[in-house]
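Chain A is the first sequence line, chain B the second, and so forth, proteins listed ahead of strands; every chain is numbered from 1.
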Amino acid sequence: MRASQFFISTQKEAPNEAELASHRLMLRAGLIKRIGAGLYSWMPLGLRVLRRVENIVREEMDKAGALELLMPAVTPAELWQETGRWDVFGPQMLKIKDRHERDYCFGPTHEEVITDIARKEIRSYKQLPINFYQIQTKFRDEIRPRFGVMRAREFLMKDAYSFHTSHACLEQTYALMYQTYSNIFNRLGLEFRAVSADTGAIGGSGSHEFHVLADSGEDAIAFNPASSYAANVEMAEALPPTLPRQAALEALRDIDTPKQTTCEDVAALLGIALQRTVKLIAVMAGEKLHVLLIRGDHHLNEVKTGKIEGLADFRFASESEIREAFNCPPGFLGPIGIDRSQIRVIADRSVAAMSDFICGANKPKFHLAGANWGRDLPEPDVVADIRNVVAGDPCADGKGTLEICRGIEVGHIFQLGNKYSSAMNASYLDEMGQSQVMEMGCYGIGVSRIVGAAIEQGNDERGIIFPVAIAPFKVAIAAIGFDRSEMVREAALKLHEELEAAGIDVLLDDRGERPGVMFADLELIGIPHRITLGDRGLKDGMVEHQARTESEARAIALHEIVSFITSA
RNA sequence: CGGGGUGUGGCCUAGUCCGGUAAGGCGCUUCGUUCGGGACGAAGAGAUCGGAGGUUCGAAUCCUCUCACCCCGACCA
């Protein structure tokens, strides 16, 4: 490809709208153009990257025996009403009416559509298992689209759905997809991690997320460097403390905390570790107020909390509800002296093992120190794991301690079971001629998000550093003086031809720009290899090779450069 | 949805408080000089200042309404 016949629109300054590195770089490099909130055009250069990702995903899915199909982006309401998701999905679903006032939505996902296909097409166990996938544009009306293509409203997704006669068979395909996903992200050249995940709103049992590791990631991942354990922090278990509760040493006493309404403030006032404080979180569930206790330095885990009996639909208590129950404003609440016949106390495992702790006194401007279970208040009604793990916690697999890193979720695989197949009556006849409901799995990859994630993982002050597998071009030829040097022009055109003949994606910068402009552009758009041709080197038969990942260029003989690149 | 902010040639911004008829840089076009790290000079093109209404002799600037976009929050005492 010759740059003069391509479309490159780089900018020195990024538009103000972008904050995140990948977003700014995608705009500056001219990969995408924003057309509305969470809506982007993929420019020719960006589309090349998107297509590379898409093709790798497609090849690996095909290799795993999945069958590509394409479902409509716009789908009728009736299907969604069958499973109840027309209402459950809420405002995230973009609903559309046609000219006959019939309801449709722009598909945010396609479980219903594929299940409809399966129930109509699959009648016999002999047709199972089967795994269908598509690479299709989705629309989710996010509350707040941000980070460019990473959280766009319209995005490209690969979604696969498998159908089975048994759970064991589903598990086999699930394992195959797990392996396929690992292969895909390895081929993409990304540093990633598969983590155990909560199934969330989609339902089902087993689930793993695939995260590209990046500090700017929206998700926190707990992993064990000493083992293969990795889990979304929402899932990672916080083990009970190994040491038993110490005996009480201190007397219970009031402390003046005129302005200290948080654990941090109280700990700072007393000059003690935050770990010795306990915070109280009041929640409402089943018309009653419940009290959650976690250590001052910990964070509540809402997913875990929701799994406690009676708290499935909990919400945080309002200030007026708190004042009514405690006769005390928020900021000074504690578990001592509350009516335990009315209020259930749920303590995190770490809190249950504490002694001589600090907590609110249930009267304004006071906290209590030297609090002890059994002596100053009854033991907790429930002891459970309700906090997020933190770095340094022992790993649930018993092999060392956890670390926390951040990731960008780019893939998610689920064992759905029969949630959709039974709701939509997707059944088949088994060997005995009996009707059976299919087991389902589903497997998603955020294709467009991967482009952003890859840039988030690979960039420097000069611009994007693409992995070779998804770079828009593998090699760029910077021909210095293309417009005025016969020698450069001839060598550049010949090299361009040879590289193309060798099957290498090459961009010949024949714009005749000054070298600084060419270099800056080629670095910004992240092309892995640059070959610089100029009169200066050519008169000695030499060219210059510059890898995007390295700081120094090296001189290479012109006649060796093609084999150098093909073996790179 | 709550809070904050911004809309001025393709991009980044000044001008807004204190009203006087749109400015600078980048980019673009043409010519010349230059040519291995975002060149220099000259000459140009390009904006009814997000939109609507109002105040005024006069509005980018003041008032009202509206639209769009961005940021923060919607996680905790």
Side-chain angles (χ1 to χ4, degrees), chain A residues 8-20 23-24 27-28 30 33-39 90-91 143-148 220 233-234 257 260-266 277-284 289-296 298-306 314-319 321-323 325-326 328-335 348 359-362 364 367 386-388 462-463 478-485 488 509 511-524 530-538 542-544 546 551 553 555:
Chain A
I8 293 175
S9 65
T10 54
Q11 287 176 325
K12 282 187 189 170
E13 293 171 287
N16 256 343
E17 64 196 50
E19 189 66 28
L20 204 63
H23 188 193
R24 294 179 65 84
L27 291 167
R28 273 193 61 206
K33 298 281 177 197
R34 195 185 62 81
I35 195 73
L39 301 172
I143 301 176
R144 181 146 94 89
R146 58 186 128 178
F147 308 143
V233 286
E234 293 181 344
T257 51
Q260 286 72 21
T261 59
T262 66
C263 287
E264 285 81 0
D265 293 342
V266 173
T277 63
V278 168
K279 66 181 160 194
L280 183 152
I281 299 162
V283 299
M284 300 298 293
L289 189 136
H290 305 252
V291 156
L292 309 175
L293 297 176
I294 58 174
R295 224 167 65 184
H298 287 153
H299 282 277
L300 184 73
N301 182 310
E302 293 184 36
V303 173
K304 292 176 180 177
T305 303
F314 83 93
R315 62 173 174 82
F316 295 103
S318 67
E319 179 159 344
E321 287 165 337
I322 287 172
R323 284 176 183 273
F326 291 86
C328 172
F332 305 97
L333 305 181
D348 184 66
C359 61
N362 291 327
H367 280 71
I386 55 171
R387 68 174 173 95
N388 283 339
R462 293 182 167 184
I480 298 175
F482 187 90
D483 56 334
R484 61 198 138 81
S485 162
V488 166
D509 195 338
R511 295 176 296 173
E513 286 285 357
R514 304 173 68 84
V517 173
M518 283 194 287
F519 296 165
D521 274 351
L522 298 174
E523 282 158 356
L524 175 60
R530 184 182 81 215
I531 301 166
T532 307
L533 301 187
D535 284 322
R536 207 174 68 186
L538 282 176
M542 300 298 283
V543 300
E544 199 178 83
Q546 170 79 64
S551 54

Protein-nucleotide distance ([X], atom [atom1]; [N], atom [atom2]), rounded to Å:
| X | N | atom1 | atom2 | answer |
| --- | --- | --- | --- | --- |
| A/L533 | B/C35 | CG | C1' | 16 Å |
| A/I480 | B/G36 | CD1 | C1' | 4 Å |
| A/R462 | B/G37 | CZ | P | 12 Å |
| A/R511 | B/G38 | CZ | P | 15 Å |
| A/D509 | B/G38 | CG | P | 15 Å |
| A/Q11 | B/C26 | CD | C1' | 10 Å |
| A/K33 | B/C69 | NZ | C1' | 17 Å |
| A/I143 | B/C70 | CD1 | P | 15 Å |

Reported [atom1]-to-[atom2] distance for the pair [X] and [Y], which is rounded to 0.5 angstrom:
| X | Y | atom1 | atom2 | value |
| --- | --- | --- | --- | --- |
| A/L293 | A/K279 | CG | NZ | 11.5 Å |
| A/I480 | A/E544 | CD1 | CD | 7.5 Å |
| A/R146 | A/H23 | CZ | NE2 | 12.5 Å |
| A/D521 | A/E513 | CG | CD | 7.5 Å |

Tell me if the side-chain of [X] makes a donor-acceptor pair with the base of [N], cut-off 3.5 Å, by modelled atom types.
| X | N | value |
| --- | --- | --- |
| A/E523 | B/G37 | yes |
| A/E544 | B/G36 | yes |
| A/R28 | B/G27 | no |

When you compare [N] with [M], how far apart are their [atom1] atoms, in angstrom units rounded to a whole number?
| N | M | atom1 | answer |
| --- | --- | --- | --- |
| B/G41 | B/G24 | P | 15 Å |
| B/A59 | B/G19 | C1' | 6 Å |
| B/C40 | B/C18 | P | 40 Å |
| B/C49 | B/G20 | P | 15 Å |
| B/C62 | B/U56 | C1' | 10 Å |
| B/C70 | B/A23 | P | 31 Å |
| B/G15 | B/G32 | C1' | 35 Å |
| B/U29 | B/G46 | P | 15 Å |

Among [options], which nucleotide has an atom closest to any side-chain atom of [X]?
| X | options | answer |
| --- | --- | --- |
| A/R34 | B/G38, B/G36, B/C69 | B/C69 |
| A/T532 | B/C26, B/G37, B/G36 | B/G36 |
| A/D521 | B/G25, B/G38, B/C70 | B/G38 |
| A/E13 | B/G38, B/A74, B/C11 | B/C11 |

Would you indicate what [X] reaches in the nucleic acid, counting non-hydrogen atoms under 4.0 angstrom: base, sugar-phosphate, or nothing?
| X | result |
| --- | --- |
| A/A37 | sugar-phosphate |
| A/R530 | base |
| A/G481 | nothing |
| A/G360 | nothing |

May I ask which nucleotide in the shown strands pairs with [N], Watson-Crick or G-U wobble, both distances under 3.5 Å?
| N | result |
| --- | --- |
| B/A23 | B/U13 |
| B/U56 | none |
| B/A39 | B/U33 |
| B/C75 | none |
| B/C65 | B/G51 |

Would you tabulate the nitrogen or oxygen pairs shorter than 3.5 Å linking the protein to nucleotides 29-34 of chain B?
{"from": "B/U34", "atom 1": "O2", "to": "A/R514", "atom 2": "NH1", "distance (Å)": "2.7"}

Does A/K12 have a side-chain nitrogen or oxygen under 4.0 Å from the phosphate oxygens OP1 or OP2 of B/C11?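 Checking B/C11 against A/K12, no side-chain N or O comes under 4.0 Å of OP1 or OP2.
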
For A/R144 and B/C72, is the shortest distance between a side-chain N/O and OP1 or OP2 below 4.0 Å? yes

Protein and nucleotides 75-77 of chain B: nitrogen or oxygen contacts under 3.5 angstrom:
{"from": "B/C76", "atom 1": "N4", "to": "A/E302", "atom 2": "OE2", "distance (Å)": "2.9"}
{"from": "B/A77", "atom 1": "OP1", "to": "A/K279", "atom 2": "NZ", "distance (Å)": "3.3"}
{"from": "B/A77", "atom 1": "O3'", "to": "A/T261", "atom 2": "O", "distance (Å)": "2.6"}
{"from": "B/A77", "atom 1": "O2'", "to": "A/G331", "atom 2": "N", "distance (Å)": "2.0"}
{"from": "B/A77", "atom 1": "N7", "to": "A/L280", "atom 2": "O", "distance (Å)": "3.1"}
{"from": "B/A77", "atom 1": "N6", "to": "A/A282", "atom 2": "N", "distance (Å)": "3.3"}
{"from": "B/A77", "atom 1": "N6", "to": "A/A282", "atom 2": "O", "distance (Å)": "2.8"}

Among residues at least two apart in sequence or on other chains, which ones pass salt bridge (charged side-chain N to carboxylate O under 4.0 Å, His left out) with A/R144?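 Scan of A/R144 (salt bridge (charged side-chain N to carboxylate O under 4.0 Å, His left out), adjacent residues dropped) gives none.
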
Work out which heavy atom in A/P335 is nearest to a heavy atom in A/C359; give both atom names and the distance.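 Heavy atoms of A/P335 and A/C359 come nearest at CD-SG, 3.7 Å.
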
Identify the two heavy atoms, one from A/I386 and one from A/L292, that lie closest to each other, and give their separation to 0.1 Å.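 So the two residues come closest at CD1-CB, 4.2 Å.
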
Which residues share a side chain to side chain donor-acceptor pair (under 3.5 Å) with A/H290, sequence neighbours left out: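 In terms of side chain to side chain donor-acceptor pair (under 3.5 Å), with neighbours along the sequence ignored, A/H290 is linked to A/R344.
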
List for me each residue that meets side chain to side chain donor-acceptor pair (under 3.5 Å) alongside A/R28, sequence neighbours excluded, and say none if there are none.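 Here no residue qualifies.
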
Side-chain donor or acceptor of A/D509 paired with backbone N/O of A/A479 under 3.5 Å: no

Using the rule given for side chain to side chain contact (heavy atoms under 4.5 Å, CB included), can you reason through A/V488 versus A/D535, listing the C-alpha separation, both sets of side-chain angles and the distance that settles it, and then say yes or no? CA-CA 6 Å; A/V488 166; A/D535 284 322; 3.5 Å; yes

Residues two or more places apart in sequence or in another chain: which of them pass ring pair (Phe, Tyr, Trp, His ring centres under 6.0 Å) with A/F482?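 Expected list: none.
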
